[in-house]
Amino acid sequence: MNQEPVTDLKGIGEKTGALFKKLGVETVEDLLHNYPRAYDSYEPAIPIGKAEEGTVCTICGQLLKTATVRRFDHMQIVVTVVKDLTGSIQLTWFNMPYLKATLQMGRILFFRGRVVKKGGRLTMEQPEIFTQEAYEKVASSMQPVYGQTRGLGNKAIMKAVVQALAQRKLEKEYLPQGLRRKYQLAEYNYAIEHIHFPMNQEELFAARKRLVFDEFLFFLLAVGRLKEKRQDVKSHYQMESVREVEALCQRLPYKLTSAQEKVLKEIQKDLGSGLVMNRLIQGDVGSGKTIIAFLALLEAAYHGYQGVLMAPTEVLARQHFEAIQELFETYGIQKKAELVTGSMTAKEKRLAYERISGHETDIVVGTHALIQEKVVYNQLALVITDEQHRFGVGQREALGRKGEEQRHPHVLVMSATPIPRTLAIILYGDLDISIIDEMPANRLPIKNCVVDTGYRERAYQFIEREVTAGRQAYVICPMVEESEKIEAENVLDYTKLLKRKLSEKIVVEYLHGKMKGKEKNKIMERFATGEIQVLVSTTVVEVGVNVPNATVMMIENAERFGLAQLHQLRGRVGRGSSQSYCIMVDASGEEDTRKRLDILNQSNDGFYIASEDLKLRGPGDIFGLRQSGEMEFKLADIFTDANLLKTVSEEVKELIKKDPGLEREENQGLRQRLEAYLGKSYEKLNL
């Protein structure tokens, strides 16, 4: 393993090292596994006369004049004009005055960039500059495009990766030869090198196939180990259904749907079976999973046991806690709930831990702080996790180990990610599956529309009207900040734009995954309480906060997301009694993309959308459509790679059957790698 710090590489000091850390890169190993998010293909240059608005292209021509530098509103703009036999085009760069020395009249150079129309004429903005020799080196190759952060651009990351590849220790191949031959899998070191710098699509697909195979293989081997440990374990917490829970169901202001009733009965049957429950509830956003979780926790509490509910964010944990408190007060339930989160002071945590260990608390709600070793439970009989796909295999195992010695609690996990059943059975192989496939009768269906970029102004006016009427809106962008390589809307610039476009009375703020935990929580809380009216965010809001007052979801560059993820995002609205709307902005202008997005227009059923997404995915959809945050996969996508997932699942079953402990000589390398993988799963927990 290449565990040297990334700062050991030439040219990476403490300051740059801190920027790499923002991207989750601390070691050379991390850098090698920081895969490109897209690739740039450098095509042959085209005649200037054929350059079209809205396209990225390469042109070659002679500079008609030496570049001039104009100053405008705290900005320096470099301008020149290049021509060939077919025409001329203006070139502009922002805040790069040093280019004037390169851009001398009469020079023949290659320029690659996006063509836009400004003041009635075509202009190429911020193009890369090449000599003929330099362009020939990159022509027809595929250049990696990485996720970036302010101060650390694509070129700097590329340079570091080139150095890391040159200096790395080559890994010993750990996949059995027979397995590699059977599926025509590339050698591991080849795959790592060519995922970063493929010469063509064939090399890219070969590298990616191998690395995706590995991701699925280790994940499913880990799931297999979990299943083995959990199968038919006797329970110390056998619970019969209690009258109080039945009575509460009758008193609720709404009737449970038949799907909710069915799932509640399955849980009650598990709790009374004498064996430890390991069950997954899959239900669309808004299908009513949370009330089922509360009822299950009450079953445990009325038997004198403790129950835990774990959420992926502090804000969602607090909302669950407040909802439980309200339930207790409204229906006179004499039970106590406790909230435990990472942002509590040391004293608050100590007092909470004392109440939990002394069994003054019946139900504990919190984030993954709940599986830290310091929390000691007293007869912990039920552990529930919300948004299961945000917790890895390591967390799943750690949760099951939180009860007293040799006393395994029942485990119930919930997910709003609509995964087709065939894939869910593979991914959650250690769990029984229940599905809530029915929406409560009082839910108004969300009104959807797919529009092009020309609709934006009308969308801003619509958002302003909704906010003026007392409601709130989300705007989703695919990127945190502007990228030198990727044309897509970004959160930071979009927030500034909306502050200009909307009334100054409207509070617009941003949220993204690179912010510190406390900052994120503060913004989400301010949005939840209505202090912020418009929240511009990345997909980090996919889970984490319930705002019934939010009625508009506007998704920029909708073409860059998978259908299942778009459906998840749209599920953030439509949670209150007011009519809600989802506006998907398609910036691609492509007919196929419009057809794909129209599936969301036709249906609000997440499982239907997920299965359609599965049918539509092809080898060409590898990049730009990845479902973010799914499981622990950096490269694999359960939709695009569904067939490979099924193949690996069969292979894992066969492997475990023939060699359960991976003790055979040909599986030794695999075993060592699996132990390293499981070690990483636990590291993430800070356990």
Side-chain angles (χ1 to χ4, degrees), residues 36-70 72 75-105 107-148 150 153-159 453 478-479 481-490 493 557 559-560 587-590 623-624:
R37 59 186 293 170
Y39 295 85
D40 233 344
S41 291
Y42 285 71
E43 306 294 342
I46 63 166
I48 291 172
K50 291 200 172 174
E52 290 177 14
E53 183 189 357
T55 61
V56 173
C57 62
T58 303
I59 55 171
C60 174
Q62 187 173 34
L63 293 170
L64 280 180
K65 56 178 185 174
T66 297
T68 55
V69 181
R70 299 173 190 165
F72 176 75
M75 196 181 281
Q76 297 184 73
I77 304 174
V78 179
V79 182
T80 188
V81 177
V82 65
K83 67 152 190 172
D84 67 6
L85 294 172
T86 65
S88 65
I89 190 169
Q90 183 173 290
L91 308 173
T92 59
W93 292 264
F94 304 102
N95 291 330
M96 298 171 83
Y98 54 84
L99 288 179
K100 188 177 175 182
T102 304
L103 301 167
Q104 295 293 312
M105 186 172 80
R107 281 197 78 180
I108 295 173
L109 293 167
F110 284 73
F111 301 93
R112 183 174 188 274
R114 180 166 290 273
V115 180
V116 296
K117 199 167 241 180
K118 289 274 172 82
R121 68 175 293 180
L122 290 182
T123 301
M124 188 178 269
E125 286 192 336
Q126 217 73 357
E128 293 177 88
I129 308 167
F130 300 89
T131 60
Q132 184 172 350
E133 188 187 7
Y135 196 74
E136 279 170 5
K137 277 185 185 172
V138 296
S140 303
S141 70
M142 297 177 73
Q143 299 293 302
V145 179
Y146 297 95
Q148 296 151 47
R150 203 174 287 283
N154 202 61
K155 279 183 185 161
I157 299 169
M158 252 173 85
K159 199 174 164 189
T453 53
M479 295 173 65
E481 54 203 351
E482 192 178 8
S483 161
E484 65 193 56
K485 287 279 180 187
I486 297 171
E487 274 293 320
E489 297 304 324
N490 72 84
D493 289 340
N557 296 103
E559 75 279 359
R560 296 186 68 85
S588 74
E590 290 170 12
F623 300 99

Is there side-chain contact between Thr58 and Glu43, with heavy atoms separated by less than 4.5 Å? no
Looking only at heavy atoms, the pair that brings Leu122 and Ala51 closest together is CD1-O, 3.6 Å
If you look at every heavy atom in Pro144 and Asn154, which pair is closest and at what distance? O-ND2, 3.0 Å
Set of residues satisfying side chain to side chain donor-acceptor pair (under 3.5 Å) with respect to Thr86, sequence neighbours excluded: Asp84
Check Met124 against Cys57 and note the closest heavy-atom contact, atom names and distance. CE-O, 3.6 Å
Report the C-alpha separation of Ile89 and Val82 in whole Å, then their side-chain angles, then the decisive distance to 0.1 Å, and conclude whether the side chain to side chain contact (heavy atoms under 4.5 Å, CB included) test is met. CA-CA 6 Å; Ile89 190 169; Val82 65; 3.6 Å; yes
side-chain hydrogen bond (donor to acceptor under 3.5 Å, both in side chains) partners of residues 47-57, not counting sequence neighbours, each pair once: none
Only pairs under 3.5 Å count here: list side-chain donor-acceptor contacts from residues 92-104, not counting sequence neighbours, and write none if there are none.
residue	atom	partner	partner atom	Å
Trp93	NE1	Pro127	O	2.8
Asn95	OD1	Gln76	N	3.0
Gln104	NE2	Lys100	O	3.0

Is any side-chain heavy atom of Phe111 closer than 4.5 Å to a side-chain heavy atom of Ile48? no
Can you check whether Leu64's main-chain N or O pairs, donor with acceptor, with Thr80's side chain at less than 3.5 Å? no
Roughly how far apart are Met158 CE and Gln143 CD, rounded to 0.5 Å? 4.5 Å
Determine the minimum heavy-atom distance between Ser41 and Met142, stating which atoms define it. OG-CG, 4.1 Å
Point-to-point distance, once rounded to the nearest 0.5 Å, from OG1 of Thr123 to CG of Leu91: 8.5 Å
List the steps and the verdict of side chain to side chain contact (heavy atoms under 4.5 Å, CB included) for Arg121 and Gln90. CA-CA 8 Å; Arg121 68 175 293 180; Gln90 183 173 290; 3.7 Å; yes
Mind checking side chain to side chain donor-acceptor pair (under 3.5 Å) for Gln126 and listing every partner two or more places apart, or none if nothing turns up? none
So does Asn490 get a backbone contact from the side chain of Asn557, meaning a donor-acceptor N/O pair under 3.5 Å? no
Does Glu128 reach the side chain of Arg112, with side-chain heavy atoms less than 4.5 Å apart? yes
Thr66 side chain to Met105 backbone, donor-acceptor under 3.5 Å: yes
So does Arg70 have more than 12 non-hydrogen atoms from other groups sitting under 6.0 Å from CZ? no
Applying side chain to side chain donor-acceptor pair (under 3.5 Å), can you list everything that pairs with Gln132, at least two apart in sequence or on another chain? Glu136
Would you please name every residue forming a ring pair (Phe, Tyr, Trp, His ring centres under 6.0 Å) with Phe110, sequence neighbours left out? Tyr135
Are Phe130 and Leu109 close enough that some pair of their side-chain heavy atoms sits under 4.5 Å apart? no
